[in-house]
Undergrad: 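There's a structure below that I have some questions on.
Letters go in sequence order (proteins before strands), and every chain restarts at 1.
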Amino acid sequence: MTDATEKTATHFIHEIVEEDLRTGKYDGRVVTRFPPEPNGYLHIGHAKAICLDFGTALKYGGTCHLRFDDTNPEAEEEEYVNAIIEDVKWLGFDWGEHLYYASDYFEKMYDYAVELIKKGKAYVCTLSPEEFKEYRGIPTRLGKESPSRNRPVEENLDLFTRMKSGEFKEGEYVVRAKIDMSSPNLHMRDPAIYRIKHARHPHVGDTWHIYPMYDFAHCLEDSIEHVTHSLCTLEFEVHRPLYDWILDELDIYHPQQIEFARLNLTYTVMSKRRLLELVKDGHVNGWDDPRMPTLCGLRRRGYTADAIRHFCDTIGITKYESLTDVALLEHCLRDHLNKVAMRRMAVLNPVRMILENIPEGEVKTCTAVNNPEDEGAGTRELKFGREIYIERDDFMEEPPSKFFRLAPDRSVRLRNAGFVTCTGLEKDPDTGAVTVIRGTWTAPEEKVKVKGTIHWVSSEHAIDAEVRIYDRLFTVENPMDVEEGADWKDTLNPESLKVVTAKVEPTLADAAAGTPLQFERIGYFCADPDSTAVKPIFNRTVTLRDSWAKIAGKPGK
RNA sequence: UGCCCGAUGGUGUAAUGGUAGCACAAAUGGUUUUGGUCCAUUCAGUCAAGGUUCGAAUCCUUGUCGGGCAACCA
């Protein structure tokens with residue numbers, strides 16, 4: 001554990017934790033929890049919370065619980081539980097024995113509600129949902145008390161018991177905390193704490209006909225687990241008085257809730273509702289579409305857990321609602337990928353090149369370094385012959401001044417394999433497109449003076465691969481910030497996915513899904529889970545930084 | 001016309017009454033068998049007005065702007 005007297009905090013939450021450690025507020029314990037509702041997939045915004053929750057426990061020698069906040073059976077599914085477990089593991093965190101379900105506490109919660117009723121601090125209300133809303137008032141107008149508010153305790157108890165046994169229809173009764181209908185905080189105007197739902201619960205089955213509301217359940221979950229610091233996002237700030245009220249009235253163990261700002265990323269939407277809409281409307285191919293900001297989507301795209309954790313460390317924790325540039329995430333990604341990705345050669349937009357001084361049938365070999373950033377990654381042998389493919393963009397018949405690649409009568413280095421000099425070209429007479437580039441090959445020993453290096457694959461040895469070129473999903477920085485009446489989906493990028501058939505070096509035939517690769521001079525890629533040896537499929541994770549694209553004024557992305 | 005929270009370069013974030021720093025982005029140059037990486041340099045900031053103080057990003061007041069709160073969702 002970190003020495004409690006040594007200040008190592010980098011943000012206000014850790015300052016609070018360190019202060020609590022100093023004063024012995026929780027006997028030196030640090031217990032946090034990550035409490036997802038299993039009603040959707042985790043996204044990069046959750047990663048920020050996960051890194052904070054688990055990271056805080058790790059830093060201060062405490063524990064972090066993974067707890068499913070499954071208090072609403074209508075929305076929740078087993079499928080999501082499994083996906084969430086997989087994603088948190090993948091991110092690199094370990095909850096040990098501490099996997100919990102809020103639904104396992106339903107009996108205790110019920111007892112606590114009974115206790116509140118007995119204390120005259122809760123009552124069964126007969127108001128319909130519409131009346132409930134009407135009585136609550138609005139921020140600028142006081143609420144008024146429910147006619148049920150002074151129902152005798154015995155009657156409340158009887159009704160609550162019968163609610164539990166399933167005697168009533170949904171919406172017929174609700175249990176409310178008795179607080180203050182004139183509070184300026186709407187959440188304190190006798191909030192509902194239990195409602196009737198005749199729904200089968202994915203974790204506890206048909207045992208219950210009543211389910212606790214978030215505000216009642218969450219503080220109890222934290223209390224039961226002896227959580228010390230209950231970290232959540234800013235929108236729960238106005239709920240904190242209620243969190244405290246319930247624990248105070250029950251006079252039980254009292255964790256402290258601390259709020260921080262959620263993550264917003266440029267060119268991204270983050271809400272579950274909107275992500276669901278993208279999936280349902282077919283704008284993407286499922287929750288794990290590589291364009292999605294979901295953890296499973298990012299994973300399929302080729303993001304590494306390491307990069308995401310580093311990103312979460314870099315953005316910091318504050319109460320200011322910021323919009324983080326997705327370029328920072330991409331920076332963290334490239335930073336990690338550069339260190340670990342195996343270099344390979346792939347030609348995404350091939351054009352044939354004939355090396356006229358290499359006889360037909362002759363096969364040459366060369367040695368290529370797998371990763372210049374990691375000597376341990378070794379080398380590999382590559383074969384080539386008279387005909388190779390090069391990138392169409394690497395040749396220009398009439399090159400501008402700063403173009404360092406191949407052009408008529410010019411020489412360039414062939415990555416790992418000597419040099420070529422362009423001696424001629426053939427064009428399609430109808431379209432004018434270059435069909436064949438002719439040239440001569442020079443061995444690497446010759447040390448030709450050139451300004452550029454291009455990548456290539458051998459026509460005879462290369463294999464075909466499907467390459468999915470992903471780009472950002474939206475065309476504007478903040479898709480949520482649209483004109484009144486406009487649809488945020490109008491800002492979707494119609495070119496967020498382009499599929500091409502590429503020529504790739506044969507070593508790529510058996511690439512394992514997800515393993516980071518760099519297609520040299522192009523970008524980082526990884527094999528898709530759908531990839532097979534017969535039909536390899538690669539996803540573009542992110543481009544390399546491309547200063548030529550800037551010079552040439554191309555979109556580059 | 002309610003209550004709560006917030007405001008530091010283009011972006012994100014430090015400085016907790018004592019030299020406004022870091023990262024990303026952008027720009028320039030160097031190295032280079034990836035126009036990648038790496039290295040160097042540059043650009044650029046305390047929302048406003050008062051007050052307290054020898055001294056204010058920091059404390060106080062007022063204002064401005066932004067966000068949140070009116071599910072029997074979480």
Undergrad: Just N and O in the side chain of A/R521: are any of them under 4.0 Å from OP1 or OP2 of B/rG35?
TA: yes
Undergrad: Heavy atoms only, 4.0 Å cut-off, all strands: where does A/E373 land among base, sugar-phosphate and nothing?
TA: base
Undergrad: Determine the contact category for A/F403: base if any of its heavy atoms lies under 4.0 Å from a base atom, sugar-phosphate if only primed atoms, P, OP1 or OP2 are that close, otherwise nothing.
TA: base
Undergrad: Under the criterion salt bridge (Lys or Arg N to Asp or Glu O under 4.0 Å), I'd like the reasoning laid out for A/D313 against A/R309: C-alpha separation, chi angles, the key distance, then a yes or no.
TA: CA-CA 6 Å; A/D313 278 348; A/R309 277 189 266 110; over 6 Å; no
Undergrad: Within the structure shown, what part of the strands sits under 4.0 Å from A/N185 by heavy-atom distance: base, sugar-phosphate, or nothing?
TA: nothing
Undergrad: What's the closest nucleotide to the side chain of A/P139 if the choices are B/rA74, B/rG36, B/rG2?
TA: B/rG2
Undergrad: What's A/E74 touching, base or sugar-phosphate or nothing? Going by heavy atoms closer than 4.0 Å.
TA: nothing
Undergrad: In whole Å, measure the gap between the P atoms of B/rG21 and B/rU28 for me.
TA: 25 Å
Undergrad: Answer yes or no: is there an ion pair linking A/R405 with A/E391, defined by an N-O contact shorter than 4.0 Å?
TA: no
Undergrad: May I ask you to check whether A/E225 and A/H65 show a side-chain donor-acceptor distance below 3.5 Å?
TA: yes
Undergrad: Round to a whole Å and report the spacing from CD1 of A/I138 to P of B/rG2.
TA: 12 Å
Undergrad: Just N and O in the side chain of A/K447: are any of them under 4.0 Å from OP1 or OP2 of B/rU33?
TA: no
Undergrad: Which one is paired to B/rU64, where only Watson-Crick or G-U wobble pairs with both distances under 3.5 angstrom count?
TA: B/rA7
Undergrad: Can you check whether any acceptor in the base of B/rU34 is under 3.5 Å from a donor in the side chain of A/R343, or vice versa?
TA: yes
Undergrad: Does the side chain of A/Q256 come under 3.5 Å of the side chain of A/S230 through a donor N or O and an acceptor N or O?
TA: no
Undergrad: Which nucleotide, if any, forms a Watson-Crick or G-U wobble pair with B/rA40, using both distances under 3.5 Å?
TA: B/rU28
Undergrad: Taking the P atom of each, how far is B/rG10 from B/rU46, in whole Å?
TA: 9 Å
Undergrad: Without decimals, in angstroms, what is the distance between A/Y101 OH and B/rA74 P?
TA: 18 Å
Undergrad: Rounding to an integer number of Å, can you tell me how far A/H187 NE2 sits from B/rG68 P?
TA: 13 Å
Undergrad: Only one of A/K178, A/R149, A/K121 forms a salt bridge (charged side-chain N to carboxylate O under 4.0 Å, His left out) with A/D190, so which one is it?
TA: A/R149
Undergrad: NA contact type, A/T233, heavy-atom cut-off 4.0 Å: base, sugar-phosphate, or nothing?
TA: nothing
Undergrad: Using a cut-off of 4.0 Å on non-hydrogen atoms, how would the nucleic acid contact of A/L127 be classed: base, sugar-phosphate, or nothing?
TA: base
Undergrad: Under 4.0 Å, heavy atoms only, any strand: does A/S183 hit a base, just the sugar-phosphate, or nothing?
TA: nothing
Undergrad: With both distances under 3.5 Å as the test, what is the Watson-Crick or G-U wobble partner of B/rG35?
TA: none
Undergrad: Which residue, A/K383, A/R415, A/R380, forms the salt bridge (charged side-chain N to carboxylate O under 4.0 Å, His left out) with A/E505?
TA: A/R380
Undergrad: Anti or syn, where syn is a glycosidic angle within 90° of 0; which label fits B/rA23?
TA: anti
Undergrad: Touch check for A/R545, heavy atoms < 4.0 angstrom, all strands: base, sugar-phosphate only, or nothing?
TA: sugar-phosphate
Undergrad: Between A/T56 and A/H14, do the side chains contain an N or O donor and an N or O acceptor separated by less than 3.5 Å?
TA: yes
Undergrad: Specify the separation, in whole Å, of atom CD1 of A/I315 and atom P of B/rA25.
TA: 16 Å
Undergrad: Is the distance between the ring centroids of A/H218 and A/Y214 under 6.0 Å?
TA: yes
Undergrad: For B/rG18, which nucleotide is its Watson-Crick or G-U wobble mate, given both distances must be under 3.5 Å?
TA: B/rC54
Undergrad: For B/rC73, take OP1 and OP2 only and decide whether either is under 4.0 Å from a side-chain N or O of A/K272.
TA: no
Undergrad: Going by atom types only, do A/E259 and A/Q257 share a side-chain donor-acceptor pair under 3.5 Å?
TA: yes
Undergrad: Looking only at atom P, what distance separates B/rA49 and B/rU16, rounded to whole Å?
TA: 24 Å
Undergrad: Indicate, with a heavy-atom threshold strictly under 4.0 Å, whether A/Y211 touches base, sugar-phosphate, or nothing.
TA: nothing
Undergrad: Rounded to the Å, how far apart are A/Y267 OH and B/rA25 P?
TA: 14 Å
Undergrad: Which value, in whole Å, describes the distance between the C1' atoms of nucleotides B/rC22 and B/rA15?
TA: 11 Å
Undergrad: Is there a donor on the side chain of A/H239 or the base of B/rA74 sitting less than 3.5 Å from an acceptor on the other?
TA: yes
Undergrad: Which residue lies toward the 5' end of RNA chain B, A/E237 or A/N39, if each is placed at its nearest nucleotide?
TA: A/E237
Undergrad: Counting heavy atoms from C-beta on, name the nucleotide in B/rA25, B/rG36, B/rA74 closest to the side chain of A/H331.
TA: B/rA25
Undergrad: Taking donor-acceptor contacts at under 3.5 Å, does the side chain of A/E477 reach the base of B/rG10?
TA: no
Undergrad: Taking the nucleotide of RNA chain B with the nearest heavy atom to each, does A/R413 or A/D325 sit closer to the 5' end?
TA: A/D325
Undergrad: Which value, in whole Å, describes the distance between the C1' atoms of nucleotides B/rC47 and B/rA57?
TA: 12 Å
Undergrad: If you look at every strand shown and take non-hydrogen atoms under 4.0 Å, does A/E520 touch a base, only sugar-phosphate, or nothing?
TA: base
Undergrad: If you apply the rule salt bridge (Lys or Arg N to Asp or Glu O under 4.0 Å), what do you find for A/E130 with A/K133, and how did you get there?
TA: CA-CA 5 Å; A/E130 297 72 35; A/K133 191 177 175 183; over 6 Å; no
Undergrad: Heavy atoms only, 4.0 Å cut-off, all strands: where does A/P372 land among base, sugar-phosphate and nothing?
TA: base
Undergrad: Does a side-chain N or O of A/T71 approach OP1 or OP2 of B/rC73 to a distance below 4.0 Å, or not?
TA: no
Undergrad: Taking only side-chain N and O atoms of A/R136, does any of them lie within less than 4.0 angstrom of OP1 or OP2 on B/rC69?
TA: no
Undergrad: Looking only at side-chain atoms of A/K550, point me to the closest of B/rA26, B/rC24, B/rA74.
TA: B/rA26
Undergrad: Check whether any side-chain nitrogen or oxygen of A/K319 sits under 4.0 Å from OP1 or OP2 of B/rC4, and answer yes or no.
TA: no
Undergrad: Ring-on-base stacking between A/Y320 and B/rG6, under 5.5 Å between centres and under 30° between planes: is it there?
TA: no
Undergrad: Counting the atoms with a prime plus P, OP1 and OP2 as sugar-phosphate, which does A/R415 contact under 4.0 Å by heavy atoms, base, sugar-phosphate, or nothing?
TA: base
Undergrad: In whole angstrom, what separates A/L265's CG from B/rC24's C1'?
TA: 13 Å
Undergrad: Please name the nucleotide paired to B/rG2 by Watson-Crick or G-U wobble geometry with both distances under 3.5 Å, or report none.
TA: B/rC69
Undergrad: Just how far, in rounded Å, is P of B/rG67 from CG of A/N478?
TA: 10 Å
Undergrad: So what does A/T318 hit on the nucleic acid, given a heavy-atom distance under 4.0 Å: a base, only sugar-phosphate, or nothing?
TA: sugar-phosphate
Undergrad: Nearest of B/rA74, B/rG12, B/rU1 to any side-chain atom of A/E37?
TA: B/rA74
Undergrad: Where the side chain of A/A192 is concerned, which of B/rC72, B/rA74, B/rG67 is the nearest nucleotide?
TA: B/rC72
Undergrad: If you go through the side-chain atoms of A/R141, does one of them form a donor-acceptor pair with the base of B/rG2 closer than 3.5 Å?
TA: no
Undergrad: Under 4.0 Å, heavy atoms only, any strand: does A/K339 hit a base, just the sugar-phosphate, or nothing?
TA: nothing
Undergrad: For A/K402 and B/rG35, give me the distance from atom NZ to atom C1', rounded to whole Å.
TA: 12 Å
